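Below: one structure, written as structure tokens.
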2 protein chains.
Amino acid sequence: MDDESRQSSQSRLLSRRSVAAKIKSKPIVRPDRLSDLVIDALRNDMESGRIGPGSRLPSEKDLTESFNVSRTVIREAISRLQSDGLVVSRQGSGVYVTSPSEGTRAFRLGLNDPHEKTTARDIYELRICVESDAAGLAALRRGKTDLAMLEKALKTLSAAGGDLEKGVNADVQFHRLIARLTKNSAIIRFHEFLASMLTDTVRLARANSAMHEGLTEYVATEHVAIFEAIVAGDAEKARHAMRMHLNKAQERLGLL
Amino acid sequence: MDDESRQSSQSRLLSRRSVAAKIKSKPIVRPDRLSDLVIDALRNDMESGRIGPGSRLPSEKDLTESFNVSRTVIREAISRLQSDGLVVSRQGSGVYVTSPSEGTRAFRLGLNDPHEKTTARDIYELRICVESDAAGLAALRRGKTDLAMLEKALKTLSAAGGDLEKGVNADVQFHRLIARLTKNSAIIRFHEFLASMLTDTVRLARANSAMHEGLTEYVATEHVAIFEAIVAGDAEKARHAMRMHLNKAQERLGLL
DNA sequence: ATATATCAGTTATCATACAACTTATGAAGG
DNA sequence: CCTTCATAAGTTGTATGATAACTGATATAT
């Protein structure tokens, strides 16, 4: 009996193949994982308000029946929803939809996802927003030791000279430092996030566009302008200098 | 051999209780889920570079043995790592560590997480960065229909009068529209994200601080200033107007 | 009335089996 | 020697059943 029930239920289910085929009718993008389907469905229910914050999700057993998948799949889906902070599960009680902003939530930026039309340029633009303002805040909040570190980074940068790798690192470090000067952990971390999103793009662009001679000096000038504005504590000027710097960089990288 | 190993492994396992006790020695925060332990361990290995991008994780079987947990737990852990974009799993092959910026990655902001000292103020500040620049971009890119919509939102806002709920909604809508005018999906979505992070805070603050009379008119004036700058296509002015507006709002909300 | 015990329902974990896929190895044929 | 194809071993994906741990409510005893 064990055997037959397994067999029959097995065949009653949508076979993985058919589901996969269905998905792959549109671009390959989605791996053929059943939990993805469940996630999308549940997300939809929640975002459309059909399940509303605070209310309980159907039990795993119910979900297996309504989706015709195994409990394994349901659990994986719920687990991922939970790690996104959309639900919390309480053992013995159930899974509950969290109210927005309760707990930790995640911001996703898909650079490859064909669903998304977000381009590297978009992200770079967002970076300009954040970083130019960060420079402004830095000008208001910089301490003495902060300035010393920034100055040191500037020197490292100019000392790098022809060494590309070294130059890039010093550059990154300079910007990272400015983010830290804001003393705002949200800004610091988001800056880090954007930078890491862009590393590949930047590296690629940098490799393609031959470095003009004198470029490093030029960049150094821009950096100095930013630095001086921060030293002077002039937020407006710091923002402007940073914006100019990043705009030029954007051009140089061919992101415009 | 199978049999004995089964039995013994069962008893050899850390019982859930003991694990839970261990965790709960520090604040309650962590639910006693084994997959969390696995996730933390793997994250650590990856971030410390012990597993390096591109390389393969140990197979699920190996992991079950080294962690002494069931495959279910391992799979949940991996599934969540995958949904965070830290790894990709290829059926029949293995689970591979993604290189940073490959695929989609997530930015998390924990408002409650005791590990994080991110405050609502930090987030609001980040919002100011993004939104003031968004206003600038909006001024450069607004189309005709865009302006019409924006104007309509303004009218709705002033028409709301005393109705608080209505007023808030119109306000949110106004800002949302401006984000959309940038035509930058990264900015649009990040703005949405920040707004949703702040909803609770804003709602609370609004409830606490009694609304001064004449406040709505005052806010309306600020909105008009932003609107006019966008209409004029003056990016610098739009940025400034938005920044002023949000700074004032921040004060009013007691986030300063 | 208050506490306690019990029970049904739910999530968490374990174990096993099988399906589907990947990769390497090696045999067969050119 | 090289290519091609089959096979086998290893790996992830899914299904299923069983048990542990927890929750909430109901019933019971004091």
Side-chain angles (χ1 to χ4, degrees), chain A residues 1-21 23-24 28 30-39 56-65 67-82 87-96, chain B residues 1-21 23-24 28 30-39 56-65 67-82 87-96:
Chain A
M1 178 210 175
D2 245 304
D3 274 345
E4 22 173 319
S5 75
R6 252 178 242 156
Q7 299 292 3
S8 64
S9 69
Q10 181 85 329
S11 52
R12 228 185 25 248
L13 294 181
L14 310 163
S15 81
R16 280 194 63 217
R17 287 259 110 269
S18 69
V19 173
I23 298 174
K24 290 205 173 165
I28 314 132
R30 281 279 198 188
D32 47 350
R33 300 182 64 205
L34 290 178
S35 52
D36 286 331
L37 288 183
V38 177
I39 287 180
R56 222 198 68 187
L57 253 55
S59 74
E60 295 181 349
K61 184 169 164 293
D62 292 344
L63 289 174
T64 59
E65 284 165 8
F67 282 104
N68 262 313
V69 297
S70 79
R71 217 184 133 209
T72 311
V73 172
I74 299 296
R75 279 194 61 77
E76 282 208 14
I78 288 179
S79 169
R80 287 165 64 180
L81 286 175
Q82 182 162 20
V87 301
V88 292
S89 65
R90 286 200 281 276
Q91 181 171 353
S93 174
V95 178
Y96 297 85
Chain B
M1 178 209 176
D2 245 297
D3 272 346
E4 23 174 317
S5 74
R6 251 178 244 155
Q7 299 292 2
S8 63
S9 74
Q10 180 83 334
S11 50
R12 229 186 21 249
L13 291 182
L14 314 162
S15 80
R16 280 194 63 214
R17 284 261 108 270
S18 69
V19 172
I23 297 173
K24 290 207 173 164
I28 315 131
R30 280 279 200 188
D32 48 347
R33 300 181 64 206
L34 290 177
S35 51
D36 285 331
L37 289 183
V38 177
I39 286 180
R56 221 199 68 186
L57 254 56
S59 74
E60 294 179 350
K61 182 170 166 293
D62 292 345
L63 289 174
T64 58
E65 284 164 8
F67 282 103
N68 264 315
V69 297
S70 77
R71 213 183 139 206
T72 311
V73 173
I74 299 295
R75 281 193 61 77
E76 283 206 12
I78 289 180
S79 170
R80 287 166 61 181
L81 287 176
Q82 181 160 23
V87 301
V88 291
S89 65
R90 286 200 282 276
Q91 180 171 352
S93 173
V95 178
Y96 297 85

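So you know, we letter chains A, B, ... as the sequences are listed, proteins then strands, and number each from 1. It should be emphasised that the depicted structure is a prediction, and the values quoted were computed from it without experimental measurement.
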Without decimals, in angstroms, what is the distance between [X] [atom1] and [N] [atom2]?
X: B/Glu76; N: D/dT12; atom1: CD; atom2: C1'; answer: 16 Å
X: A/Phe67; N: D/dG13; atom1: CZ; atom2: P; answer: 19 Å
X: A/Leu34; N: C/dC18; atom1: CG; atom2: C1'; answer: 15 Å
X: A/Leu81; N: C/dT11; atom1: CG; atom2: C1'; answer: 15 Å
X: A/Arg75; N: D/dG17; atom1: CZ; atom2: P; answer: 17 Å
X: A/Tyr96; N: C/dT11; atom1: OH; atom2: C1'; answer: 11 Å
X: A/Gln91; N: D/dA20; atom1: CD; atom2: P; answer: 13 Å
X: B/Lys61; N: C/dA17; atom1: NZ; atom2: P; answer: 15 Å

Of the options [options], whose atoms approach the side-chain atoms of [X] most closely?
X: B/Glu60; options: C/dA12, D/dT14, D/dT12; result: D/dT12
X: B/Ser89; options: D/dT12, C/dT13, C/dT11; result: D/dT12
X: B/Val69; options: D/dT14, D/dG24, C/dC14; result: C/dC14
X: A/Ser70; options: D/dG24, D/dA15, C/dT22; result: D/dA15

| Base D/dA15 to side chain A/Thr72, donor-acceptor N/O within 3.5 Å cut-off | yes

| said: With heavy-atom distances below 4.5 Å as the criterion, would you say the side chains of A/Phe67 and A/Leu37 are in contact? | reply: no

| task | Evaluate the side-chain proximity of A/Val38 to A/Val73: yes if any heavy-atom separation is below 4.5 Å, no if none is. | result | yes

| task | Output yes when A/Glu76 and A/Arg80 qualify as a salt bridge under the 4.0 Å nitrogen-oxygen rule, no when they do not. | result | no

| query | On DNA chain C, nearest-nucleotide positions of A/Gly92 versus A/Arg71: which is more 5'? | reply | A/Gly92

| query | How long is the span from the CG atom in A/Asn68 to the CG atom in A/Leu63, to the nearest 0.5 Å? | reply | 12.0 Å

| query | To the nearest 0.5 Å, how far apart are CD1 in B/Ile74 and CZ in B/Arg71? | reply | 10.0 Å

| Residue mapping more 5' on DNA chain D - nearest nucleotide basis, B/Ser93 or A/Ser35 | B/Ser93

